[in-house]
Structures are given as C-alpha cells and as structure tokens.
Amino acid sequence: NAGVTQTPKFQVLKTGQSMTLQCAQDMNHNSMYWYRQDPGMGLRLIYYSASEGTTDKGEVPNGYNVSRLNKREFSLRLESAAPSQTSVYFCASSGQGSGEQFFGPGTRLTVL
Amino acid sequence: GEDVEQSLFLSVREGDSSVINCTYTDSSSTYLYWYKQEPGAGLQLLTYIFSNMDMKQDQRLTVLLNKKDKHLSLRIADTQTGDSAIYFCAETKYNTDKLIFGTGTRLQVFP
C-alpha cells in the first residue's frame, strides 16, 4: 500500500502559467481533499470530493479547479498561476465516517 | 466563525512534559483530533477523542477535553527530541467528513 501519493514534489511556475497537481490513493476511500498550507495559517481546504463524480468548494477555492477522475484520483488545476498561490499543497483521503484523513507528502509550489 | 486557535510555538526541555492547547468553535463536533507534521512531510493522525469523553490516554499522550469552554489539550509526557514537529488540532464540521484545522503549534525540544 502506497497510501496517498502526490506528484510533483516541487514545482516552480511563472505568473500566468498553468499546471495540474496529481493525487492518487489506494485505500478505496470515498472522500478526497486538497489543502494548502501557509505559515501561521494552518491548513485551508481548497476543494473536496465526498465521492466519485462529486466535488465541492472549500474555504479557499478561487483560482483552482478540481477533477475527481475516478475513485482513486483527484487532481487540482491552476489555470493561471499567481504569486499568492505559492504554498505547500496537500492531498488527503478518508474512509466513510471515520474522520481520520490520510495525507500525501505534499507539493511545494513557487510562483514567480 | 470557524476558527480553531492554537499558540504558534512551544519550547521544552527533553524529558519534561509538553502541553499544547487548542480552542475550537463548533460545539456539535463529534470528534476532535490531534495531527503531527514532521519536517517536509504530510500530517499523520496522533490521536482523537469523542466529544462525549473528557479524557483519553494513549501511552505518553493524554488528551483533555473541556466541552463547556471548547478547550482541547494534548499532553506529551517525557518529551523527546523526536517529538519536535508541528501539532495541529482539528474538529469535524457538523455532519460531514470535513475537518477544520487549527493554525498548528511548533514544538521544539532542546537537550
């Protein structure tokens, strides 16, 4: 079991460029999440998906889109990156009703 | 609001006890959690407590919950250098699997 995997680990973009962050889990979890982590602000939920085919906005969705491609994969897309999106991005997943979330290792994104 | 608040830093000597505090807002939260984040890694669940409990002990970890004051604490006995990390408390948002995380407390253990 790999758990939750994320790619890439690091990325540098120029303002206006686009990219997709990939996330996959092999635990057969229904729910998946994308967070960003900024110093002194903890983790903030960007988008989540309660089940395959559904997605909902979290606390800070502006500038992002997501796709729940299948039960395993949940991708996060930045269409036009901005310096304010410089952050560490974490993907997580959880089973039905458990509350415990399993996190990937993170993607460190810098937007110049 | 949905703020879960923690102090940002805590520094303790190796062998002492550490107490990390958290205040939360949603009195309907079913579970409250403590997660640990080591440098360069994602978060890992340390322990959790049901909202109808007031204490839970798990080896060196003791969680105390005061529902009246919406206050949660994590006590680490005999703190070791390997305990140096960021600790996040989190509450469940009512009737969902979503978690609301605190800002995190960076614990530094010195010899």
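Everything numeric in this text was worked out from a predicted model, so none of it was measured.
A/Arg44 contributes atom CZ, which lies 14.0 Å from atom CZ of B/Phe101 (distance to the nearest 0.5 angstrom). Annotation: the span from B/Leu43 atom CG to A/Phe102 atom CZ amounts to 12.5 Å, rounded to 0.5 Å. Taking OG1 from B/Thr103 and CG from A/Leu43, the interatomic distance works out to 11.0 Å, rounded to the nearest 0.5 Å.
Surrounding OH of B/Tyr48 are at most 12 heavy atoms belonging to other residues, nucleotides or ligands under 6.0 Å away.
Under a hydrophobic-cluster definition in which Ile, Leu, Val, Met, Phe, Trp and Tyr are linked whenever side-chain heavy atoms come within less than 4.5 Å, directly or via other members, B/Leu64 and B/Phe50 are assigned to different clusters. Following chains of ILVMFWY side-chain contacts shorter than 4.5 Å, one can reach B/Leu61 starting from B/Leu107, so the two form part of one hydrophobic cluster. Linking Ile, Leu, Val, Met, Phe, Trp and Tyr whenever their side-chain heavy atoms come within less than 4.5 Å leaves A/Leu13 and A/Val88 in two separate clusters. Transitive grouping of hydrophobic side chains (ILVMFWY, heavy atoms separated by less than 4.5 Å) brings B/Leu10 and B/Val109 into a common cluster. A continuous path of Ile, Leu, Val, Met, Phe, Trp and Tyr side chains, each step under 4.5 Å between heavy atoms, connects B/Tyr31 with B/Met53, placing both in one hydrophobic cluster.
With chain A as partner, the option from B/Gly104, B/Gly40, B/Ala41 having the largest number of non-hydrogen pairs under 4.5 angstrom is B/Ala41. With chain A as the partner, the residue from B/Leu99, B/Ile86, B/Leu8 showing the most heavy-atom pairs under 4.5 Å is B/Leu99.
Residue A/Gln6 does not touch chain B at all, counting heavy-atom pairs closer than 4.5 Å. For A/Leu45, the part lying near chain B is the side chain, with the backbone staying farther off; criterion is any non-hydrogen pair under 4.5 Å. Contact of B/Gln44 with chain A is not made at all, since no heavy-atom distance falls under 4.5 Å. Residue B/Phe88 touches chain A through its side chain alone, counting heavy-atom pairs closer than 4.5 Å.
The closest donor-acceptor contact from the side chain of B/Tyr35 to the backbone of A/Gln101 lies under 3.5 Å.
With a 4.5 Å cut-off on side-chain heavy atoms, A/Tyr48 and B/Lys98 count as touching. Residues A/Phe90 and B/Gln37 are in side-chain contact: their nearest non-hydrogen atoms beyond the backbone lie under 4.5 Å apart.
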